[in-house]
Amino acid sequence: MRTSSLHRILRLGIMEFRLYLREPSAFFFTLIFPLLLMLLFGSIWGNQPFPEQSFGYIDYSTAAFIGIVMLTAGIMSLPISIASYREKGILRRFMATPLSPVSFLMAEMGAILVITTMGVVLLILTGMIMFDMHFLGNPLEAFIAFLLGCGAMAGLGFIPASLAPSARSGNVIANILYFPMLFLSGAALPQDMLPGALRTASQAFPLTHAIRLLRGIWLGGHLAEHPVEIAVLAGTLFAGAFFAARMFRWD
Amino acid sequence: MSETVILAGNLRKRYGDIVALDGLDLDVRRGEVFGIVGPNGAGKTTTIDCIAGMRRRDSGELRTLGLDPSRDSRELHRRVGLQQQESELPERMRVGESIQLFSSLFGIDPPRMELLDRVGLGDKVNSFFAGLSGGQKRRLFVALSMVQDPELIMLDELTSGLDPRGRRDLWNLVEEVHGSGRTVLLSTHYMDEAQRLCDRVAIIHRGKVVAVDTPEALIREHCPGMRLRLGCGRDFDPVDALRLEGVLGAEMLDETCIMDLVDAGTVVPVIKALSDAGVSLGDLHTERPTLEDVFMVITGREYGDADE
């Protein structure tokens with residue numbers, strides 16, 4: 001029983017991943033757009049170590065670029081694709097099988113996680129080849145921070161994904177969540193550039209915490225130094241998953 | 001009498017102000033092909049959705065394979081194959097991949113790829129779903145409804161929008177499945193389809209079953225008459241035919257007299273009487289009423305009007 005539902009999740013997740021790779025626009029926004037940002041800003045600022053620091057602009061900013069991948073995959077791709085499945089009746093086709101809503105969402109989240117990982121690998125390879133990137137932290141801790149960030153973004157995406165009746169409405173909700181986080185969480189713009197009130201408001205965004213946690217570890221910090229960030233991210237994941245498990249609609 | 005697989009009593013369902021099911025009763029037995037016929041909007045899809053555990057009924061008794069579809073829907077989905085009227089797959093999913101995926105969702109390994117041959121899609125294994133025609137999509141969904149070899153298969157609007165060849169392929173498939181002892185519940189608004197495939201038919205009108213029986217019995221009961229076209233020569237006076245017992249109407253078309261008879265048993269006596277009266281008889285052609293005539297008699301309105 002357990003193994004068969006794991007098997008279902010795995011097979012559906014693999015299928016969804018393959019479908020994703022066949023969708024050029026989603027592919028571009030999730031994987032290529034953050035890479036272009038890295039290339040653009042990297043070519044402007046370079047990666048010379050800051051005065052009296054052992055890291056430069058790229059080392060400092062990679063967490064933000066990774067944040068954009070997490071954001072795009074979790075808040076845009078996930079809810080829009082599930083809402084369009086709902087609109088077209090694809091979810092009703094799944095409903096007529098033994099697949100449970102929770103298994104379905106786990107498969108979708110798994111596919112998103114693999115795609116986000118691909119984006120991160122692309123960013124790191126580019127950073128190493130083009131900008132002599134330095135990683136000062138512990139890889140295992142960075143990986144855990146990455147999973148927490150992805151989970152929080154997907155968890156937040158689960159909320160519109162559970163209810164949006166159409167791709168269009170999914171898109172609207174996704175945009176409302178996406179753009180404030182993109183510009184205010186330190187993903188596309190450094191937070192130092194924001195006025196104080198907006199910086200305070202940005203603490204409400206899970207992505208702010210995901211980037212701060214990842215950056216902290218990237219630059220040599222440890223998970224134990226970031227209890228607030230970890231609590232916010234885990235809380236977002238659980239709240240989103242709980243909401244989805246209760247509210248998910250096949251049609 | 002064989003085992004009941006679907007039992008519905010006084011089934012009710014509304015969507016807001018619209019009453020979809022208004023006290024519907026149904027009793028489907030193991031091994032039969034049971035047809036639900038009626039115009040669009042009669043409640044066919046709602047009936048199937050409730051029976052298959054895809055929608056909750058508002059009230060009424062309902063058991064499918066002994067389970068309550070509202071409560072045990074997951075278990076039911078394991079055992080029931082469902083082809084939904086309006087359904088899609090992701091555009092870039094390949095036909096073969098869809099069979100593999102849905103087989104794995106039912107825990108079936110290896111996937112039953114031969115189903116694609118049986119619905120005539122054997123050469124489309126690598127096609128994207130979006131590249132299929134409407135009829136090919138329909139046939140793929142019929143194949144998908146059978147991946148777990150279910151004991152009960154429900155086909156909602158099996159062949160609407162298919163070309164004659166596609167219809168015939170699916171009819172053959174249903175007959176094959178029937179031959180293997182599976183129970184099939186299908187809905188259709190094509191009366192010839194119901195008449196050809198179904199052991200029993202329920203005629204649904206405004207959310208209620210208004211008649212249920214074998215197609216033959218429904219025709220015998222509601223439209224017992226028979227139309228006889230008989231070559232009688234140009235000089236024949238149809239009034240002579242009207243005088244005969246069992247002849248309800250008669251008129252001439254060229255050399256042919258078209259007679260409406262009360263039942264099939266009247267044909268031979270009428271021919272004999274005319275022959276004895278010295279009429280030189282030519283070509284003979286009889287037309288039996290169809291389920292469509294039954295439907296029109298029972299619902300008292302033009303069947304075609306209800307479409308769309």
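Just so it is clear: chains get the letters A, B, ... in the order the sequence lines come, proteins before strands, and each one is counted from 1.
Checked by atom type and distance alone, the side chain of B:Arg92 pairs as donor or acceptor with a backbone atom of A:Arg22 at under 3.5 Å.
Taking CG of B:Leu105 as the start and OG of A:Ser5 as the end, the distance is 11.5 Å to the nearest 0.5 Å. For the atom pair CD (B:Gln100) and CD1 (A:Ile14), the distance works out to 11.5 Å, reported to the nearest 0.5 Å. Here the straight-line distance linking atom NE2 of B:His77 with atom CG of A:Leu99 works out to 11.0 Å at 0.5 Å rounding. To the nearest 0.5 angstrom, A:Asp251 atom CG is 7.0 Å from B:Met54 atom CE.
Between B:Pro90 and A:Tyr85 the shortest heavy-atom distance is CG-OH, 3.3 Å. In this structure, B:Ser87 and A:Gly89 approach most closely via the heavy-atom pair OG-O, 3.9 Å. A pairwise comparison of heavy atoms in B:Gly53 and A:Met95 identifies O-CE, 3.9 Å as the closest pair.
Interface residue A:Leu19: only side-chain heavy atoms are found under 4.5 Å from chain B. Residue A:Ser100 touches chain B through both its backbone and its side chain, counting heavy-atom pairs closer than 4.5 Å.
Side-chain contact between B:Ser104 and A:Arg8 is absent, with no heavy-atom pair separated by less than 4.5 Å. Using a 4.5 Å heavy-atom cutoff, the side chains of A:Phe94 and B:Leu101 are in contact. Residues A:Lys88 and B:Glu91 meet the side-chain proximity criterion, which asks for heavy atoms closer than 4.5 Å.
Most heavy-atom pairs under 4.5 Å with chain A, from the set B:Glu86, B:Glu97, B:Met93, B:Arg94: that is B:Glu97.
The pair B:Asp49-A:Arg92 meets the salt-bridge criterion, with a side-chain N (NZ, NE, NH1 or NH2) lying under 4.0 Å from an Asp/Glu carboxylate O.
For the pair A:Arg93 and B:Phe102, the cation-pi criterion (under 6.0 Å, within 45° of the ring axis) is fulfilled.
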